[in-house]
There are 2 protein chains.
Amino acid sequence: MLCSLMDGRARTSTELSVIAEVSPSTASVHLTRLKEQELVKVLAQGKHRYYSLDDDRVAATLESLMVLAGTRSKPFVPNTPTHLRWARTCYDHMAGEVAVALHDRILKNKWVSQKKRHDGAYELTEVGTRALAAHGIEMDTTNFTRRRIACACLDWSERRPHLGGALGAALLRSALQHKWFLKDLDSRVLRVTKRGEREFLGRLGLQVGA
Amino acid sequence: MLCSLMDGRARTSTELSVIAEVSPSTASVHLTRLKEQELVKVLAQGKHRYYSLDDDRVAATLESLMVLAGTRSKPFVPNTPTHLRWARTCYDHMAGEVAVALHDRILKNKWVSQKKRHDGAYELTEVGTRALAAHGIEMDTTNFTRRRIACACLDWSERRPHLGGALGAALLRSALQHKWFLKDLDSRVLRVTKRGEREFLGRLGLQVGA
DNA sequence: AGGTCACTTCGTCTACCATCAAACAATGGA
DNA sequence: TCCATTGTTTGATGGTAGACGAAGTGACCT
């Protein structure tokens with residue numbers, strides 16, 4: 001289980017039970033124990049509970065253990081339809097490969113910063129505020145009090161976080177306004193435009209194979 | 001057991017059984033298993049069998065595991081009489097803190113190099129031959145064919161290797177000839193002279209608290 | 001030779017831990 | 001509101017890993 005989580009992605013307990021070739025109940029017992037020892041952390045989202053490695057130190061330790069054991073695990077293969085995998089909407093924000101890459105970029109650029117441990121909430125930084133304005137992305141300031149500014153929302157196909165909250169919504173809204181992305185009719189799929197490639201993907205340095 | 005070996009020293013199976021609070025037989029079985037998995041290596045010397053970590057990678061893995069577990073083990077306390085601990089003879093070569101420091105220094109300076117893995121034998125390098133001459137240490141070339149030039153000999157008090165073989169013997173012989181060390185009467189203890197501090201410890205950069 | 005010490009091998013036993021099915025809880029959609 | 005889906009909790013069970021004592025091996029000393 002831990003080995004399969006080493007790719008940094010999150011998995012549900014049932015998935016992990018299949019990987020470990022044990023019953024769901026066994027997996028559940030085992031996972032609660034791993035949680036107690038703070039080797040994994042859980043993120044409840046809808047009726048799914050996503051398990052992932054708790055810490056970089058856990059990953060590092062596993063890494064060296066795998067070297068000793070000489071084991072390599074198979075890569076994670078998403079079973080999501082390909083046309084949904086690259087870019088789609090998730091409620092009012094973006095999801096898919098692009099959204100995950102965007103999330104990572106924004107975090108790396110320190111436009112947002114983590115508030116606490118084990119809580120998906122982010123806060124907007126000084127740098128972030130300026131950068132968003134520069135890129136022509138406008139936050140809806142009316143309901144700032146009601147809603148979290150930004151948070152990590154686990155991506156179904158990628159099993160890694162993308163950006164949710166008010167900021168996530170603002171990004172999607174701006175992306176559609178500027179015609180960087182087009183919504184497919186009668187589907188959640190998003191398609192990037194020529195203009196989007198230049199003004200969005202290009203400027204943000206997102207090299208995502210479409 | 002593995003944790004206690006993390007200081008790089010070697011220990012006997014009985015010592016490890018005491019540390020792990022199990023019977024000697026249990027420890028023995030466990031250690032053979034660790035050996036099979038190449039986590040530890042054994043060095044038979046006299047009627048003792050010294051166990052130590054097999055590899056730097058094993059130590060590194062344990063290190064990160066200990067960080068996760070938040071455990072720290074007690075340091076190794078030699079039960080050797082203090083007057084024997086610092087410097088003494090071991091058959092025809094030197095042993096004790098000084099000898100171990102000397103071994104490490106010689107290896108670091110690349111005067112000798114390891115031949116194979118898991119074999120204590122060393123071979124003399126070009127650099128080493130010149131350096132020995134420069135320091136006024138003469139090898140006895142008569143019995144080169146019979147004896148190993150140099151080898152790691154496990155130090156009883158330090159539980160780390162010092163230098164044995166023809167080179168080890170040559171070092172002790174020269175040290176006594178040049179009056180760098182004096183042999184205590186009727187004992188294996190060696191005492192360093194003023195001259196020895198200058199011309200031996202000093203030149204070799206050995207800072208060993210006497 | 002014989003005795004002691006250090007350690008391993010063998011045979012046996014037991015406690016414990018993973019495992020599973022069935023019951024329970026929670027969420028989401030119809 | 002009900003049902004399907006997802007996941008957790010519980011209690012019983014069986015297999016196995018790890019423990020030990022006794023016997024065996026080899027090295028060293030006198």
Side-chain angles (χ1 to χ4, degrees), chain A residues 1-5 9-52 54 69 78-80 89-92 95 120 153-157 159 164 186-188, chain B residues 1-5 9-52 54 69 76 78-80 89-92 95 120 151 153-157 159 164 188:
Chain A
M1 292 182 180
L2 290 172
C3 285
S4 79
L5 290 174
R9 298 168 196 276
R11 288 177 179 76
T12 66
S13 66
T14 16
E15 282 175 333
L16 289 169
S17 79
V18 172
I19 290 172
E21 299 181 358
V22 292
S23 71
S25 52
T26 304
S28 188
V29 172
H30 193 69
L31 285 165
T32 41
R33 241 171 253 174
L34 291 176
K35 197 174 54 188
E36 279 167 15
Q37 302 298 324
E38 297 187 340
L39 293 176
V40 300
K41 59 185 173 191
V42 199
L43 173 65
Q45 194 165 279
K47 61 179 170 179
H48 294 283
R49 307 195 68 186
Y50 293 98
Y51 289 90
S52 54
D54 183 286
N79 57 352
T80 316
T89 58
C90 167
Y91 303 98
D92 62 350
C153 176
L154 199 58
D155 195 281
W156 165 254
S157 58
R159 298 308 171 85
D186 201 34
S187 121
R188 293 161 55 203
Chain B
M1 292 182 180
L2 289 173
C3 286
S4 79
L5 290 174
R9 298 168 195 274
R11 287 177 179 76
T12 66
S13 67
T14 15
E15 282 175 334
L16 289 168
S17 79
V18 172
I19 290 171
E21 298 181 359
V22 292
S23 72
S25 54
T26 304
S28 186
V29 173
H30 192 68
L31 285 166
T32 41
R33 242 173 251 172
L34 293 177
K35 197 173 55 190
E36 279 168 16
Q37 302 297 324
E38 298 186 340
L39 293 177
V40 300
K41 59 185 172 190
V42 199
L43 174 65
Q45 194 164 281
K47 60 181 173 181
H48 295 281
R49 308 195 67 187
Y50 292 97
Y51 289 90
S52 54
D54 184 285
F76 173 73
N79 57 352
T80 315
T89 58
C90 167
Y91 303 98
D92 62 349
C151 64
C153 175
L154 199 57
D155 196 282
W156 164 254
S157 58
R159 300 308 171 84
R188 294 162 52 204

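Proteins come first, then strands; the chains are lettered A, B, ... in the order of their sequence lines, and each starts at number 1.
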- prompt: When rounded to the nearest 0.5 angstrom, what distance separates CZ in B:R9 from OG in B:S4?
  reply: 11.5 Å

Close residues, residues 29-37 of chain A, relative to DNA chain C [heavy-atom separation under 4.0 Å]: A:R33

query: Whole Å only: how far is the CG atom of B:L16 from the P atom of D:dA19?
result: 14 Å

message: Between B:R49 and B:A44 (side chain of the first, backbone of the second, donor and acceptor by atom type, cut-off under 3.5 Å), is there such a pair?
response: no

message: Whether the side chain of B:R11 engages the backbone of B:I19 through a donor-acceptor N/O pair (distance < 3.5 Å, no angle test) should be reported.
response: no

- prompt: Taking only residues two or more places apart in sequence or in another chain, which ones pass side chain to side chain contact (heavy atoms under 4.5 Å, CB included) with A:Q45?
  reply: A:L43, A:Y50, A:C153, A:L154

message: Across nucleotides 22-30 of chain C, 5' to 3', mark each nucleotide with B, S or - according to how protein heavy atoms within less than 4.0 Å reach it.
response: B----BS--

Phosphate OP1/OP2 of D:dC20: any B:T26 side-chain N/O under 4.0 Å: yes

- prompt: Can you check side chain to side chain contact (heavy atoms under 4.5 Å, CB included) on A:S52 and A:K41, steps first, answer last?
  reply: CA-CA 6 Å; A:S52 54; A:K41 59 185 173 191; 3.6 Å; yes

query: Can we say B:R159 and B:E15 salt-bridge, meaning some charged N sits less than 4.0 Å from an Asp/Glu carboxylate O?
result: yes

query: Do the side-chain N or O atoms of B:S23 get closer than 4.0 angstrom to the phosphate oxygens (OP1, OP2) of D:dG21?
result: no

query: If only side-chain N and O atoms of A:Y51 are considered, is one of them under 4.0 Å from the OP1 or OP2 phosphate oxygen of D:dT6?
result: no

- line: Separation of D:dT6 atom P from A:L43 atom CG, nearest Å, is 17 Å

Only pairs under 3.5 Å count here: list side-chain donor-acceptor contacts from residues 25-34 of chain B, not counting sequence neighbours, and write none if there are none.
residue, atom, partner, partner atom, Å
B:S25, OG, B:S23, OG, 3.1
B:T26, OG1, B:S23, OG, 2.8
B:T32, OG1, B:S28, O, 3.2
B:T32, OG1, B:V29, O, 2.5

- request: Please name the pair of heavy atoms, one in A:L5 and one in A:Y51, separated by the smallest distance, quoted to 0.1 Å.
  value: CD2-O, 3.4 Å

query: Can you check the A:H48 NE2 to D:dT8 P distance for me, whole Å?
result: 12 Å

query: For B:R49 and C:dT8, is the shortest distance between a side-chain N/O and OP1 or OP2 below 4.0 Å?
result: yes

